[in-house]
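First comes the structure, then the notes that go with it.
Letters A, B, ... mirror the listed sequences (proteins, then strands); counts begin at 1.
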Amino acid sequence: MIVGCIFATCRRSNDHWIISCSSVQRAFWPASLVKPEIHSRGLLLFLDLLIQIISMSLTIPTIPATHTEPITNLTITKKTKPNTNLSLLHLCNNLREATQVHALIIKSSQITDTYSASRLAEFYAISDNGSLKYAQKVLDSVQEPYTFLWNAVIRGNLIKHNPLKTILLYDRMLRQSVEPDHFTFTSLLKACTQLPAPAIGKQLHSQIVKLGLEYSPFIRNKLIHLYAVSGSISDARKLFDSSTELDIVTWNSMLEGYADNTDGDALHQLFDKMPHRDVVSWNTMIAFYVQVSDFKQAIAIFRRMQENGERPNRVTLISLLSAVSYLGALAQGRWIHAYIDKHGIELDQNLGSALINMYAKCGCLEGAVQAFRQTIQKNVDTWNAMITGLATNGQSLKALRLFSEMECLGVSPNAITFVSVLNACSHGGLVEEGVKHFKMMSQKYGIEPDVTHYGCMVDLFGRAGLFDKIEEIIGAMPMKPDAVMWKALLGACRIHGNLEMGQQAGHQLIELAPNDHASYVLLSNLYAIDDKWDAVHRLRRMMRERGIRKPPGCSSIEMDGVVHEFVVGDTTHSRKKEMYEMLDEMEERLMLAGYKPDTGQVLLHIDDEETKQTSLGHHSEKLAVAFGFISTNPGTTIRVVKNLRVCTDCHSTMKLLSKIYGRDIIVRDSNRFHHFRDGSCSCLDYW
DNA sequence: CTAGGGTTAG
C-alpha cells in the first residue's frame, strides 16, 4: 500500500510531506515501491512518513486507477497535528518499547504538554502492555494534572481489578481540586459495585446530584446497577421509574438487580415489559434460572430466545451448559456442542471447560476428551475440568496420568487441581499416591491445603479404614472440620462398621449442618446397619421436630432430548404400565441370579418386610432404568441422574442388571458416578 | 484533540 517513486526526495514542511522525483522516472501510485534518496535527512523524514502512515494519522490522496500520467509530486497531508511519538505508542508491543517512547516524549519536552502526558498515562493505564506504576508516575510528574489524566489512571485501576485504589485515587483527585466529570463517576460507581461499597456509592450519588450529572445515562445505569445488586433494590427501582429515557442497559441493569435478589416474579414481570431485549437480557434470565436450580426453565428460556431470533453468545452457551450438566441431559449438551461447531465458535478456555464439565457430568468421558482436545489454548481450568471429569467418573489412574502430563507441559496446578487429584486418589483407593500428592502441593507448589484438601485426605484414609490416620490429620490441621469432612468420615464409618467414631462424626455433623437432611440420614443409616432401630427412630423424631424433611428420591433420564423424572413408586408416567411390567421382569431375573433385597437402609419405619421390599423395588433409580430399558435398543448405555445418594440395595441391583441385560448403566448420584458394567461398579463399592 | 455502561465456568 505504500508507494511513491524510485529515487525520490522527501521534504517535509509544517503540515505535509512532499515526495518528488524527476520527471524522467515514472512513478505509479499505488503500485510501485518507494526508495528515498540515501542521504540521512531524507531517510529520516521518510521513516517518519512511514510511521505516520502506519499509525494512520495521515491523509493519503487517492489517485484514480485511470490515471496513467507520471506523477512527479505527491503531497501527503496530516490529519491532525503530527505527533510521531504518540503515534509510536500504539505500535508498542511490550512495556520496554513503551518506556522507550516515554523517554522520547520526555527528551522532546513533550511531557510538559498535558495532552501528550494524558495519552501516555492512558496508554500505561489501559493497554495490556501497560503498567499502573508508570501511569501513576506520569500522573505524579505532571505539574497540573487535569480531569482526563486522572480519569485515565482511575479507569486503569478499575480495569486491572483494583477497585479500592480507584476510590482512593478519587480522594486524592478531590484534594488537588481537580473536578470530576461523568467519566470519573462511571468508573467510581463500578468500583463501588465490585467491592461492594454501597455507602460510598450513596456519597458519590449526592456529589453527582450536586454537580448536575445525574441525568447522564451512563451514570444513571451504573447507579441503578449498584443499588440493585447491593441490597437497595427499591432505590434502584425509584431511579429506574424516574428515568425519562430508558435504554437497553437500564433495563438490563434492573433485570440483573432482580436476578441478584432472586426475585423471580419481579424479574419475569420486568422482562415481559421490555420493549427490546438483547443477548444480555436473555443471558440474565438464563443465568438466573441456573442460579436457582430451575434448569428446565433455563433451557425453556433459551428456546424462547431462539424463537425470538436472538443469537446466543459464549455467555449464553456457558450458562446453558451449566444447566445441561446439572440435568445430565447429554443429548441437549451434544446439541450445544454441535451448535458451537456449526457456527465456528472457537472453544476458548471458559467455553472449553464448560463443555468438558458438561460431558463429564453426563458421564460421557469420550465427549469430555474430545472437547479437551478441541480446546486449543488450554489453561489450568481446562486441565482441572478434565482431571475432575476423570476422577469423578472413576478413572483415577487416567486422572493422575493427566496431572503428570500437565506438569510436564509446565502448566502450574492450583488449589482446585489438587482437590481433583486427591479426589481421584480417594475414589481409586490410591492411598500412597494421595499422600504423595498432598505433600507435593505445599512442598513443590507452595499451595497450603485448605479444609477441602484435608477433607479429601479424610475420604482417602476413610476408604482404606485407616481411622488412626484420620484422627491424626484432623488433629493436625489448622482449621475446624467442615460438614463435608464429617460426611466423608461418616461414610467411611458406615462402610467399615465403625459405630463409635461414626456416632461422633454424625453428632458433629448435625451440630454443624442442622438443616441438612443428609446429616440425619447418614447417621441413621449407620445405626440401621447395626439394627439400632431405637436410635434410628430417635433421629427420625428429631428431624420431625425440627421440621426437616428428606426430599423424595428423584431420578431422571433423558430420552430424545426430553428429561423424564421419576420419584419413588411413581405412577404418573404415560408409559407406567409397560414400566411396571418391565420392573416385574427385572425382579424375576434378579431373583434367578440370586439377588436378595437389602432392606437395611430403608429409612422409613416400615415394619412389614414385604412393604419394605416393594418400596425398595420402586426406588426412583430403578424406575428410571426400567423406563430406559423399554425406551432404547438393547445394548444402549443407560444414563440416570439421582438427586440423593444411591442406596446399597439399588447399588447391588444395578450391578446385577448391568450383567443380566448386558447394558452399561451410568448413575450419577449426589456425590459421585457409578459406571455399572458386567456386574461391577467403577466406585468399587465404596461411596 | 483523547475515553465510557450491563452478562461468564470449576
Side-chain angles (χ1 to χ4, degrees), chain A residues 57 79-83 86 89-90 113-123 125-127 146-156 158-159 181-190 193 216-226 228-229 236 247-257 259-260 277-288 290-291 312-326 347-358 360-361 371 375 379-389 391-392 414-417 419-420 423 452:
Chain A
S57 59
K79 273 183 187 164
T80 53
K81 193 168 93 185
N83 208 329
L86 288 181
L89 209 45
H90 296 286
D113 169 35
T114 40
Y115 174 71
S116 305
S118 304
R119 291 291 295 269
L120 183 63
E122 188 199 21
F123 179 84
I126 312 296
S127 106
Y146 66 131
T147 309
F148 182 87
L149 188 41
W150 279 96
N151 286 353
V153 183
I154 285 179
R155 193 157 58 91
L158 182 71
I159 291 172
D181 61 7
H182 61 283
F183 288 113
T184 326
F185 284 115
T186 47
S187 300
L188 288 170
L189 289 171
K190 188 167 185 183
T193 312
S216 151
F218 288 116
I219 290 189
R220 180 203 55 203
N221 292 341
K222 284 259 186 254
L223 273 172
I224 290 177
H225 189 223
L226 172 65
V229 301
D247 63 19
I248 184 75
V249 180
T250 325
W251 285 94
N252 286 342
S253 301
M254 198 64 224
L255 212 55
E256 214 233 321
D260 251 55
R277 302 181 188 102
D278 67 1
V279 63
V280 177
S281 330
W282 291 101
N283 287 353
T284 306
M285 295 303 283
I286 293 172
F288 169 77
V290 172
Q291 188 198 322
N313 63 9
R314 272 166 209 280
V315 178
T316 324
L317 297 170
I318 288 172
S319 292
L320 216 52
L321 282 170
S322 164
V324 167
S325 306
Y326 281 109
L347 288 191
D348 68 353
Q349 293 147 352
N350 292 338
L351 192 54
S353 305
L355 202 57
I356 295 166
N357 180 50
M358 180 280 294
K361 288 264 166 69
T375 310
N379 67 358
V380 63
D381 295 329
T382 323
W383 289 89
N384 286 352
M386 194 64 231
I387 293 172
T388 308
T392 51
N414 61 18
I416 294 167
T417 319
V419 174
S420 311
N423 257 324
T452 49

Between [options], spot the one nearest the side chain of [X], thanks.
X: A:Asp381; options: B:dT7, B:dA9, B:dA3; result: B:dA9
X: A:Glu122; options: B:dT8, B:dT7, B:dA3; result: B:dA3
X: A:Lys190; options: B:dT2, B:dG5, B:dG10; result: B:dG5

Under 5.5 Å and under 30°: A:Phe183 stacked on B:dG4:
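The base of B:dG4 is not stacked with A:Phe183 (the test needs centres under 5.5 Å and planes under 30°).
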With the six-membered base ring of B:dT2 as reference, does the ring of A:Phe148 sit under 5.5 Å away with planes under 30° apart?
yes
If you take atom types as modelled and just measure distance, does the side chain of [X] reach the base of [N] with a donor-acceptor pair under 3.5 Å?
X: A:Asn357; N: B:dA9; answer: no
X: A:Asn384; N: B:dG10; answer: no
X: A:Asp247; N: B:dG5; answer: yes

Does either side chain, that of A:Asn423 or that of A:Ser420, offer a donor lying less than 3.5 Å from an acceptor on the other one?
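Result is no, nothing qualifies.
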Results of side chain to side chain donor-acceptor pair (under 3.5 Å) for A:Lys361 - residues two or more places apart only
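Partners of A:Lys361 under the side chain to side chain donor-acceptor pair (under 3.5 Å) test: A:Asn357.
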Not counting sequence neighbours, which residues clear side chain to side chain donor-acceptor pair (under 3.5 Å) with A:Arg314? List them please.
A:Asp348
Looking at A:His182, does any N or O in its side chain come under 4.0 Å of the phosphate oxygens OP1/OP2 on B:dA3?
no
Looking at A:Arg155, I'd like to know whether one of its side-chain N or O atoms comes within less than 4.0 Å of OP1 or OP2 on B:dG4.
yes
Which heavy-atom pair separates A:Thr284 from A:Ala259 by the least distance, and what is that distance?
CG2-CB, 4.2 Å
